[in-house]
Each structure stands twice: as structure tokens, then as C-alpha cells.
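Just below is one structure, and these are the notes that go with it.
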Amino acid sequence: MDAQVYKSDLIFTKNDKEFTSMEQAYLVVENGKVLGVFDRLPGKYESIPLKAYESGFLIPGFVDLHLHAPQYENLGIGLDEELLTWLNKYAFPEEARFSDAGYAEEVYKEVVRRLWENGTTRSVIFGTAHKGSTEILLRLMKKSGLGAYVGKVNMDRNSSQELTEDTERSLEDTEAILDAYRNERLVKPIITPRFVPSCSPRLMEGLGRLAEKYDAPVQSHLSENTDEVEWVKELHPDCESYAHVYERYGLLRQNRTIMAHCVYCTGSEKELMREKGVFAAHCPISNTDLTSGIAPVKDFIAGGVNLGLGSDISGGHTLWMPEVLVHAIQVSKLYYLYKDKDCGRLTLPEAFYLATKGGGSFFGKVGSFEEDYSFDALLIDDCAIIGQGKRSLEERLQKFIYTGEKGCIIKRFVEGNELGYTER
Ligand code: GUN
Ligand code: FE
């Protein structure tokens with residue numbers, strides 16, 4: 001038996017209503033999973049080695065449900081543009097550089113190191129359309145010990161010339177990756193049609209078949225920007241909505257599909273998402289940076305749609321999930337003030353839940369310290385930010401989320417393993 005006991009302050013969310021906080025509690029881990037949390041250590045665990053972290057506190061690791069690793073070098077660039085212009089001017093030219101394996105290796109090493117540094121223990125990642133560079137990213141993620149889904153992007157229409165794929169080749173490359181990584185545990189492939197405008201019906205149909213054959217998850221973009229939504233209507237006038245296009249091609253797999261953004265989803269789209277257990281990846285920083293809009297997250301929560309948070313770099317300008325979390329709260333307050341007084345505002349426990357257990361549930365039992373959850377955790381040292389007075393554990397977490405930085409994270413664990421610094 002591989003077991004460990006951690007003694008520390010613990011704070012996490014079992015639901016989106018409130019924090020569970022325990023001071024100087026015991027967290028027992030066996031084979032990477034949480035066996036339980038206890039105020040007093042039960043006698044039967046006394047022989048297990050104990051590690052005490054008495055001055056810091058443990059939280060679940062952050063989950064980023066949506067990011068574009070190859071856009072890392074573009075962080076902060078071009079954000080006066082809106083989505084469709086930005087894609088052509090900034091995202092596509094940068095992604096085209098990933099035909100060069102050496103460049104991919106350099107940039108992806110940096111992205112992996114940054115994910116580690118920022119305490120993002122699980123992420124769901126878009127690569128590029130290139131098979132070779134996507135395999136590099138899969139390999140580097142695996143080496144890091146972080147958990148991830150990584151997708152080779154599919155795009156065979158309405159892209160730049162360099163990135164436009166031959167449909168059959170796109171499907172073959174995707175299948176080769178699905179096949180090669182089918183038995184992986186922590187870092188797995190995900191089918192990644194970029195979005196409806198860049199995928200022909202034949203490509204989407206083929207991807208739907210592969211999803212079924214390999215029982216694979218799917219990620220894409222949905223209803224992010226008004227021009228994009230209009231464009232999809234023109235391309236697929238016979239479909240009831242944008243989401244129904246994905247549904248037609250078998251790309252909304254029960255509880256296994258992530259759709260990024262969902263800013264302009266209609267009532268019937270939300271209903272379809274709820275039925276299919278689609279995860280909406282709310283990317284508030286990106287939606288503000290690209291002037292896309294404000295996703296009605298409180299509606300999604302009230303409607304029982306699965307929900308998590310995404311940085312969406314480099315539509316969003318940071319990988320730091322506490323900033324994404326704070327921005328989610330801020331834009332929900334603006335939505336409440338200016339758009340809909342009935343919907344309420346996102347609270348800190350709700351946003352923290354989304355950044356941990358909400359997104360984590362795409363991976364299974366991830367994002368909490370409840371029994372049988374993967375022990376994915378961050379040890380936070382808040383000495384530098386706590387100030388003078390005595391603070392409750394919940395206040396210390398609030399301060400960390402709003403004013404902390406990555407230097408406050410002093411240990412990272414995934415499935416019970418402590419992950420050391422990843423050298424460049
Ligand atoms: N829609 C299609 N591709 C992209 C992308 O790279 N970023 C964002 N934010 N939206 C997209
Ligand atoms: Fe995106």
C-alpha cells in the first residue's frame with residue numbers, strides 16, 4: 001500500500017454553495033486517492049508516514065478546461081481585434097509555425113512549465129493541426145506528471161492556406177493519435193474540431209465516427225461571438241442552432257464533450273447541452289479581451305449545465321486561474337447590474353468550485369478532497385499576503401485568490417505524486 005497522511009489547514013468545495021474548511025486536519029491518501037479527511041487521525045492510520053504543513057494550507061489543484069498551447073507566444077498580443085479578425089491576423093499565423101518540431105518543442109516546454117508553476121494540475125488543451133507537434137505536446141505533458149487532455153486540431157475549410165488540412169489526412173492523423181494514446185491514464189487525446197466554420201460536414205462526420213469507435217472525448221468552440229454565430233447559421237441553415245450542428249455529427253458525447261465560451265447559446269441549445277451533459281468552458285478573460293460578450297453562467301448553473309473555467313490563452317491573456325476565477329465573478333456582477341437583475345451574481349465559493357471540482361469532474365473524481373477523489377493539491381504559503389491580523393481560513397483563501405501570486409504555491413500534487421520543478 002502506498003499511503004501518506006498530510007496534516008495541514010484544508011479548504012475545498014463539495015458543492016458550489018460553500019467552502020469546507022478544516023484547521024490542522026488530517027488528509028489520508030492511498031494510491032493517489034483521498035481516503036478521507038479527519039479532525040483527529042483514526043488509530044488505524046497512525047502507522048502511515050505523516051507530513052505536516054503547519055503554516056500553509058492545502059487546496060485542490062486548478063483545472064483549466066480550455067486553452068490553446070500553441071498561442072502561448074501571442075499572450076497579450078492583438079487584443080484590440082474581435083474573434084474572426086484576430087484568428088486570421090494572430091492565431092493562425094502563429095499556429096502555422098508549429099509545422100517546425102523544434103519550435104513546437106521550445107514553446108511547449110515553456111507552456112508545460114508555466115502550467116506547473118501556476119498550479120494548473122489538470123488542463124484540456126488545443127494543439128495545432130500538426131500531428132507531429134501535437135505528439136510533442138502529449139509527450140511533454142506526460143513527462144511533467146500533470147493531468148491533461150490534448151487535442152490535434154482539425155480544420156479543413158475557412159482557415160489559412162498553410163493550416164488547411166486534407167479531410168482524409170486530418171482523420172487519419174487524428175486516428176493515429178487516438179490509437180497510440182488509447183491506454184494512457186493521465187494524459188489522453190481528445191478529438192478537437194476547431195469550430196464549425198473550419199470543419200466540413202465530411203470531416204465532422206468522420207470525427208463523430210472516430211469518437212464513437214475510440215469512445216473518445218471531444219472539445220470545440222460554441223457561440224462565442226455574434227459574427228461567428230451568424231456565419232454558422234449561413235453555413236448550416238437547416239440546423240436548429242450552432243450546438244445542433246455538433247449534435248448532428250455525433251460530437252456531443254454524453255458527459256464527454258467540452259464546448260468553450262457558450263456566450264450566445266439559445267434556450268434550446270442550453271437544453272441540448274444539459275441533456276447531453278456537455279461541459280461549458282467559461283472563459284471570461286478571453287470573452288472580455290476579444291470583446292465577445294458575457295456568458296450567462298448563472299443561467300447555466302441554474303439550468304444544470306456542467307460548467308468549468310478556461311483561460312483560453314491567447315484569446316485570454318493569462319494562465320493564472322485565480323485571475324480567471326476573479327474575472328468570472330467580476331463579469332457576472334456586470335451582467336447582473338446591466339443585463340439581468342434576476343440571475344444573481346457568481347460568488348467566490350461558486351467560482352472556486354468551477355475552477356476545481358466543476359471543471360475537474362470532466363476528468364472523473366477530480367477537484368475536491370472528498371473520499372475517492374484524486375489527490376490533486378496545491379500547498380499555499382500565504383505569509384507574504386496575509387497581513388497583520390488573524391484571519392479565518394476562508395479569508396486567507398479569499399486573499400490568496402484575489403491578491404496571491406504563483407510564488408505562494410510551494411507544492412503541487414497530482415494523483416498523490418508531488419511534482420518537482422520542470423527544467424527548461
Ligand atoms: N474559435 C475558433 N478558434 C478559436 C481560437 O483559437 N480561440 C478562440 N478564442 N476562439 C476560437
Ligand atoms: Fe479557444
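Both ligands and their constituent atoms are indexed starting at 1 by order of listing. From a predicted model like this one, the values you see are computed outputs, not experimental measurements.
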- Message: Below 4.0 Å, non-hydrogen atoms only: which portion of W86 touches ligand 1? Side chain, backbone, both or neither.
- Response: side chain
- atom 10 (N) of ligand 1: closest protein heavy atom, distance to 0.1 Å, is E224 OE1, 2.7 Å
- Are any of the N/O atoms in E95 less than 3.5 Å from those in ligand 1? no
- At the Fe ion (ligand 2): angle between D312 atom OD1 and H221 atom NE2, to 10 degrees: 170°
- Validate the cation-pi geometry between K233 and Y242: distance from NZ or CZ to the six-membered ring centre under 6.0 Å, angle to the ring axis within 45°. no
- Task: Taking the six-membered ring for Trp and the full ring for Phe, Tyr or His, determine whether the centres of Y103 and F98 are under 6.0 Å apart.
- Result: yes
- Hey, what do you get for CZ (F126) to CD1 (I258), rounding to the nearest 0.5 Å? 9.0 Å
- Task: Examine E224 and say whether one of its N/O/S atoms is closer to the Fe ion (ligand 2) than 2.8 Å.
- Result: no
- Message: Quick check on contacts: which atoms of ligand 1 are under 4.0 angstrom from a heavy atom of L83?
- Response: 8 (C), 10 (N), 11 (C)
- Run the salt-bridge test on R122 and D64 with the 4.0 Å N-O cut-off and return the result as yes or no. no
- Message: Suppose we only count N/O/S atoms under 2.8 Å; would H68 qualify as near the Fe ion (ligand 2)?
- Response: yes
- Quiz item: cation-pi between K298 and Y335, 6.0 Å / 45°: no
- Tell me yes or no: between the side chains of E94 and Y72, is some donor less than 3.5 Å from an acceptor? no
- Task: Would you mind listing which atoms of ligand 1 come within a distance below 4.0 Å of any non-hydrogen atom of D312?
- Result: 8 (C), 9 (N)
- Note on the structure: Numbered in order shown, the ligand 1 atoms found under 4.0 Å of a heavy atom of H68 are 5 (C), 6 (O), 7 (N)
- Measure the distances from the heavy atoms of F126 to every atom of ligand 1 and state whether one is below 4.0 angstrom. no
- Message: Does either side chain, that of E95 or that of Q71, offer a donor lying less than 3.5 Å from an acceptor on the other one?
- Response: yes
- Would you call Q71 a ligand 1 contact, heavy-atom distance under 4.0 Å? yes
- Are any of the side-chain nitrogens in E110 or R113 under 4.0 Å away from the carboxylate oxygens of its partner? yes
- Query: Taking both backbone and side-chain atoms of R194, is any N or O found less than 3.5 Å from an N or O belonging to ligand 1?
  - Reply: yes
